Every structure is written in C-alpha cells, then in structure tokens.
Amino acid sequence: MPAASSGDEVVVRRRLQFLDEEPVVVSASYYPLWLAADIRLESPDALPEGPDELIESLGHTFFRGAEVFSALMPTPEETELLNLHAGVPVMHMWDVDYDKDGRPLQAAHDVYAGDKHEFIYEWNEGDIQP
C-alpha cells in the first residue's frame, strides 16, 4: 500500500458533537481511500467501537502520531455551529496518526469551543524519546 501524497483520495467523516445538548466540537476525520474503501468508515452511521478500534480490527497498528493546537477567533460558520458568544475563541487541533511504515492511517481536525474545554496532558519519563 503506497504512502500518502498530495492529491490522494480520502474518505471524510464530519460531525458536530454535543455535551449536555450544547454543541462543543466540530470534527472532520480523513481516512486514506486504500484503508477506508468498502468498510464502515465510508458510512455516515456512528461507529460504536470508534474508528481507531475499527482500523485496528483490520490489522493496522497505530505506531506514532502528532497533534498541533492553535487558538484562533472563530469563523462565522464556527460561531454559528458552536453557538458561540461574541469574543469567544476556538481551539483547533490537527491530529495525524501513522503506522510503523510511516503511512497515515487517519487525520483529524477538531474545532473546540474555547469556553467549554480544558486540555490536560500527562506524561511519563519513559514516554519521551530523544
């Protein structure tokens, strides 16, 4: 299976996530077509087991990933979707996960309502690689 390159076809899953009936996250996940073709990743239906578990059930192993966070003022569309008040920022997160051969298995772009989230990261010394 080839590594991803610009112009490769992908399957996109978009969703608006709620907490206590309030919209809190706008999400888009991208899966390479070689991985997602003819499986439930192409379906608009919910994935009860989650996409990571579905991908791993097909024999693919997540090996490494990278996340990038950016705090920005929302676009008009984000303001409307997330029901934001004036002056409330959003947090954009891009996440890309790779297999051991460096092939991307998924990329996700989430937009979080800035007044409804707190991000906490924990780490162990053994998690740090030189």
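Just so you know, residue 1 is the first one in the sequence shown, and it goes up from there. If you're wondering where the values come from, they're calculated on a predicted model, not measured in any experiment.
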About how many Å separate [atom2] of [Y] and [atom1] of [X], when rounded to the nearest 0.5 Å?
X	Y	atom1	atom2	result
Glu78	Leu84	CD	CG	8.0 Å
Met91	Leu72	CE	CG	8.5 Å
Leu54	Ile39	CG	CD1	4.5 Å
Asp52	Leu105	CG	CG	9.0 Å
Tyr30	Trp94	OH	CH2	4.5 Å

Taking all atoms of both residues into account, what is the closest heavy-atom pair of [X] and [Y], and its distance?
X	Y	answer
Pro51	Gln106	CB-OE1, 4.4 Å
Pro74	Val88	CD-O, 3.2 Å
Glu42	Ala36	CG-O, 3.3 Å
Ser29	Arg15	OG-NH2, 3.0 Å
Ala113	Leu82	N-CD1, 4.0 Å
Glu67	Asp95	CG-OD1, 3.4 Å

**Prompt:** Which of parallel (below 30°), tilted (30 to 60°) and perpendicular (above 60°) describes Tyr121 and Phe69?
**Reply:**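 Plane angle over 60°, so perpendicular.
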
For atom [atom1] of [X], is the number of surrounding heavy atoms from other residues, nucleotides or ligands below 6.0 Å larger than 12?
X	atom1	value
Glu9	CD	no
Phe63	CZ	no
Glu80	CD	no

Shared hydrophobic cluster, [X] / [Y] (ILVMFWY, side-chain heavy atoms < 4.5 Å):
X	Y	result
Val111	Leu16	yes
Phe62	Trp34	yes
Val25	Phe119	yes
Tyr112	Val26	no

**Request:** Ignoring hydrogens and angles, tell me if any N or O in the side chain of Asp99 forms a donor-acceptor pair with the backbone of Asp101 under 3.5 Å.
**Result:** yes

**Item:** Arg13 side-chain N/O to Ser43 backbone N/O, donor-acceptor pair under 3.5 Å
**Value:**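 Side chain of Arg13 to backbone of Ser43, a donor-acceptor pair under 3.5 Å: yes, one is there.
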
**Request:** Show your reasoning for whether side chain to side chain contact (heavy atoms under 4.5 Å, CB included) applies to Lys100 and Thr61.
**Result:** CA-CA 7 Å; Lys100 66 182 171 83; Thr61 303; over 6 Å; no

**Asked** Which of these passes side-chain contact (heavy atoms from CB on, under 4.5 Å) with Tyr31: Val10, Val12, Ile55?
**Response**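 Single pass found, and it is Ile55.
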
State, yes or no, whether a side-chain contact exists between [X] and [Y] at a heavy-atom distance under 4.5 Å.
X	Y	result
Leu19	Lys116	no
Arg40	Leu47	yes
His117	Val24	yes

